[in-house]
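Some notes on the structure that comes next.
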Amino acid sequence: MAAGLHPLAPHHLPGFITAPGETDTLLVVTGIILLAAVLGVGLIFLRLHTLPERMAHKSQKLQFEIVAVLGLLALFTHVHLFWVAGLLLALIDLPDFTGLFGRMAHALERIAGVRSPASETEFDEAPPPDTAHAASESHAPIRKEPGHA
């Protein structure tokens with residue numbers, strides 16, 4: 001049997017129709033474009049999803065861990081409110097009360113004459129040279145009698 005076109009077939013076929021046994025280039029190009037589009041959209045989604053965490057990390061916020069947990073909750077539960085809350089926390093600058101309270105506690109301990117192990121390592125400064133000998137002699141905390149001012 002002779003290999004030829006069917007008598008009713010058109011003489012000019014479009015380029016996307018392949019002959020039997022040849023590679024379908026349109027299918028290969030479409031598959032590559034589809035794969036690149038899926039990877040691109042996925043990367044954009046994950047980049048946008050981690051935006052609050054990257055913002056909080058870049059500005060060294062105290063609430064970085066909370067923002068990171070809210071981002072993971074939003075990713076795994078698909079509740080967008082967690083992501084919005086994380087974004088708002090990343091944008092808000094919370095004051096650092098821990099350093100302020102630590103300095104206040106250290107000052108109150110110095111006034112009361114009480115030394116705690118935490119205050120000696122974290123906030124201790126070298127005593128002035130003229131009082132170094134007097135400070136080394138007294139190791140016991142100063143206690144006041146009740147009723148005396």
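The shown structure was predicted, so the numbers you read here are calculated from the model rather than taken from an experiment.
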Looking only at heavy atoms, the pair that brings Trp83 and Ala74 closest together is N-CB, 3.6 Å
Note to self: Could you see if Ile33 belongs to whatever hydrophobic cluster contains Leu26? Use Ile, Leu, Val, Met, Phe, Trp, Tyr and a side-chain cutoff under 4.5 Å.
What the structure shows: no
So CG of Leu48 and CG of Leu51: to nearest 0.5 Å the spacing works out to 6.0 Å
The reported gap from OG1 in Thr25 to CZ in Phe16 (rounded to nearest 0.5 angstrom) is 11.5 Å
Per side chain to side chain contact (heavy atoms under 4.5 Å, CB included), Thr77 is matched among Leu75, Val79, Leu81 by Val79
Of all heavy-atom pairs linking Ile92 and Gln63, the shortest is O-NE2, 2.7 Å
In terms of heavy-atom contacts, Arg54 and Arg47 come closest through NH2-O, 2.6 Å
Connected via hydrophobic side-chain network under 4.5 Å: Leu87 and Phe82: no
Tightest non-hydrogen contact, residues Ala90 and Met55, listed as CB-CB, 4.3 Å
Would Thr18 and Thr23 count as a side-chain contact (heavy atoms from CB on, under 4.5 Å) if you check the C-alpha gap in whole Å, the side-chain angles of each, and the deciding distance to 0.1 Å?
CA-CA 7 Å; Thr18 58; Thr23 303; over 6 Å; no
Test side chain to side chain contact (heavy atoms under 4.5 Å, CB included), reference Val69, set Ile66, Leu72, Leu73, output is Leu73
Residues Phe64 and His57: closest non-hydrogen pair is CE1-CB, 3.4 Å
In this structure, OG1 of Thr30 is separated from CG of Asp24 (nearest 0.5 Å) by 8.0 Å
Between the CD atom in Glu65 and the CD atom in Glu53, the distance rounded to the nearest 0.5 Å is 10.0 Å
